[in-house]
Amino acid sequence: MHQNEIIAFNHELLAWFQQNGRDLPWRRTKNPYYIWVSEVMLQQTQVDTVKPYYDRFITDFATPEALADAPEQSVLKMWEGLGYYSRARNLQQGVREVVEKYDGKLPDDKKKLLELHGIGPYTAGALLSIAFGQPEPAIDGNVMRVMSRVFMIDADIAKAKSKKQFEEVVGKLIAEANPSAFNQALMDLGAMICRPKRPDCPNCPVRRQCKAYSARVQEKYPVKSRPKKATVRCYAIVLVQDQLGRYLIEQRTDSGLLAGFWQFPMVECETNSDLLPAAFRKLASVERLDFHYIHRFSHLVWDLTLYRVDQAIDLPAGVARKWVAVDEFERYPFPVPHLKVIDWLKNLRMNT
DNA sequence: AATTCGGGGAA
DNA sequence: TTCCCAGAATT
C-alpha cells in the first residue's frame with residue numbers, strides 16, 4: 001500500500017469510528033487498571049457477555065490494591081460463568097505484582113507489561129495504545145480477519161507464526177497521531193462491518209483500500225484451519241446429603257481445568273449407559289435422577305448424569321470436601337454445569 | 001508448534 | 001450443528 005493510500009485508510013477508518021464506534025463502559029475511563037480488566041475479560045469473549053461482569057468487577061475491586069488484597073475465591077466467584085478462569089487468577093497475580101513492584105501503577109513499558117502475569121502480546125499492545133497512546137499493534141481475531149481481507153493475506157490465522165505478518169502490516173498502517181482510536185476502530189470494524197460471515201462491504205469505510213473486496217473474494221478470507229474435534233467424557237455427579245440435609249461438595253485441584261472451583265463429586269464412567277456406574281454397585285441405595293446434561297467446552301465434552309446416594313461412596317483421598325446447605329452454595333464458585341445442577345435442586349425443592 | 005484452558009452468541 | 005469471540009500459558 002502506498003503512502004497516500006495509508007493516509008486515506010487511516011482517515012476513512014477514523015472518521016467512520018468517530019461516527020459509528022461503540023460506546024462501551026471501558027471506553028469511558030482512562031484508568032489503565034480498568035482498561036486492563038476489560039482487556040482480560042474480552043479475551044475470547046464477546047462484548048455483550050463481558051459488560052455485566054466488568055461493571056461488577058470494577059465496583060467490587062475498584063483499585064489494584066483492592067483486587068490484590070481479595071481472596072482468590074472471591075475473584076473466581078466474580079468471574080463465575082465467564083470462562084477461562086486462569087484469566088482471573090493471572091489478572092490478580094499480575095495486579096499483585098504491579099502493587100508490589102510499581103506502587104500499584106501499571107507501567108507504560110512494553111517489556112515490563114509482558115513480564116506481568118496474564119499479559120501477552122495482544123493485551124500489551126492494547127494497553128500501550130489505548131491506555132498510554134503508544135503506536136503499538138494489538139493483534140486479535142478481529143484485526144487478523146480485517147487485515148487478511150484488506151491485503152489478501154493467505155496465512156492460516158489459526159497458526160501462531162502467522163501473527164507476525166499481521167503485526168508487520170498493522171505496524172505500517174497504524175495512525176501515529178491516535179493509535180488508541182486506530183486499534184479500537186479496527187476492532188469495531190471487525191465486529192460490525194468486516195464480520196466473519198457476510199461482511200457488510202458496501203458500508204465499509206475502507207472498501208476502496210481492500211484487495212479482497214476489489215477481487216470480490218472477501219468471503220474467502222481469513223484462511224483458518226479447523227480445530228480437532230472435542231473428546232467426550234462421561235461422569236456421574238453424586239448427590240449425597242448428611243443428617244442436616246447439607247450436600248457434599250468438593251474443590252477441584254488448583255491447576256488445570258476449572259482450577260479451584262467447587263463441584264458436586266464427579267465420578268468418571270465408561271459410558272452413560274443405563275448400567276449403574278461401577279463405583280455405585282456396592283451401595284444399597286442409588287437413584288438415577290432425571291437430570292442429564294451435555295456440556296461442551298472448546299476441547300472437551302462432559303456427558304453428565306445425576307445420581308442420589310444415601311451414603312458417601314469411596315471417593316479419592318486428598319480432595320477438599322465439605323457439607324454445605326443449599327442456601328450457602330452462593331458463597332462458592334461453581335462451573336456452569338454444576339450451577340445447572342443447583343438450579344435443578346432448587347426447582348425440585350420448590351415443587352415438593 | 002500444538003494443546004489446554006469456558007461459555008455463550010449467532011446464523 | 002458450526003464458527004467465533006479485544007488470547008495466554010503450558011507442553
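Each chain gets a letter, A, B and so on, in the order the sequences are listed, and its residues count up from 1. Values below: every heavy atom of this structure, side chains too, minus hydrogens, waters and symmetry copies. Remember, it's a predicted structure, so these values are computed and weren't measured experimentally.
Residue contacts for A/L24: at a heavy-atom cut-off of 4.0 Å it reaches a base atom on one of the strands shown. Among the protein residues, A/T123 comes within range of the sugar-phosphate backbone only, with heavy atoms under 4.0 Å from sugar or phosphate atoms but none that close to a base. Residue contacts for A/W26: at a heavy-atom cut-off of 4.0 Å it reaches a base atom on one of the strands shown. If you check every strand for non-hydrogen atoms under 4.0 Å, A/V40 touches nothing. Within the 4.0 angstrom heavy-atom criterion, no nucleotide atom of any strand lies near A/S86. A/L258 comes within 4.0 angstrom of the backbone, heavy atoms only, and of no base. The residue A/R22 sits close to a base: some heavy atom pair falls under 4.0 Å. Counting any heavy atom pair closer than 4.0 Å across all strands shown, A/N183 reaches no nucleic acid atom. A/G256 comes within 4.0 angstrom of sugar-phosphate atoms only, judged by non-hydrogen atoms across all strands, and of no base. Contact annotation for A/F297: backbone-only contact, meaning every heavy-atom pair under 4.0 Å involves sugar-phosphate atoms and none involves a base. Counting non-hydrogen atoms under 4.0 angstrom, A/R195 reaches nothing in the nucleic acid.
Each of A/D48 and A/S255 was matched to the nucleotide of DNA chain B holding its nearest heavy atom; the match closer to the 5' end belongs to A/S255. Annotation: of the two residues near DNA chain C, A/E39 and A/H117, the 5′-most nearest-nucleotide partner is A/E39. Mapping A/R296 and A/V47 onto DNA chain C by nearest heavy atom places A/R296 at the nucleotide closer to the 5' end. Both A/A158 and A/A259 lie near DNA chain B, and the one whose nearest nucleotide falls closer to the 5' end is A/A158.
Between the side chain of A/E287 and the main chain of A/R308, no donor-acceptor pair closer than 3.5 Å is present. Between the A/E5 side chain and the A/H2 main chain, a donor and an acceptor come within less than 3.5 Å of each other.
For A/P337, taking side-chain heavy atoms from C-beta onward, the closest of the listed nucleotides C/dA6, B/dC5, B/dG7 is B/dG7. Comparing C/dC4, C/dA6, B/dC5 against the side chain of A/L42 picks out C/dA6 as the nearest. Closest contact between the side chain of A/M187 and the listed nucleotides C/dA6, C/dC4, B/dG6 involves C/dA6. For A/T49, whose side chain is taken as the heavy atoms from C-beta onward, the closest listed nucleotide among B/dG9, C/dA6, C/dC4 is B/dG9. When distances run from any side-chain atom of A/V336 to the nucleotides B/dG6, C/dC5, B/dG8, the shortest one goes to B/dG8. Distance from the side chain of A/Q43 is smallest for C/dA8 among the nucleotides C/dA6, C/dA8, C/dC5.
A donor-acceptor contact under 3.5 Å is formed by the side chain of A/S298 with the base of B/dG6. A donor and an acceptor atom never sit less than 3.5 Å apart when one is taken from the side chain of A/T45 and the other from the base of B/dG8.
Atom CZ of A/R233 is separated from atom P of B/dT4 by 10 Å (rounded to the nearest Å). At whole-Å resolution of the value, CZ in A/F261 and C1' in B/dG6 are 9 Å apart. In this entry the distance linking NZ of A/K51 with P of B/dG7 reads 22 Å, nearest Å.
Note on A/Q44: a side-chain N or O is less than 4.0 Å away from OP1 or OP2 of C/dG7. Remark: A/N90 is not in phosphate contact with C/dA8, judged by side-chain N or O atoms under 4.0 Å from OP1 or OP2. Residue A/R226 places at least one side-chain N or O closer than 4.0 Å to OP1 or OP2 of C/dC3. OP1 and OP2 of B/dA10 both lie 4.0 Å or more from every side-chain N or O belonging to A/K197. An OP1 or OP2 oxygen of B/dG7 is reached within less than 4.0 angstrom by a side-chain nitrogen or oxygen of A/Y85.
For A/W79 and A/F57, the ring centers are positioned less than 6.0 Å apart. Separation of the A/F297 and A/W302 ring centroids falls under the 6.0 Å cut-off.
Using a 4.0 Å cut-off between charged side-chain N and carboxylate O, A/R27 and A/D188 make a salt bridge. Salt bridge status for A/R96 with A/E100: absent, with no side-chain N to carboxylate O gap under 4.0 Å.
For C/dG7, the base is not stacked against the aromatic ring of A/Y122, per a cut-off of 5.5 Å between centres and 30° between planes.
Using atom P as the reference point in both B/dG6 and C/dT11, the two lie 15 Å apart (nearest Å).
Each of A/Y85, A/W262, A/F329 was checked for a ring-ring contact (aromatic ring centres under 6.0 Å, His included) with A/F334, and the lone residue meeting it is A/F329.
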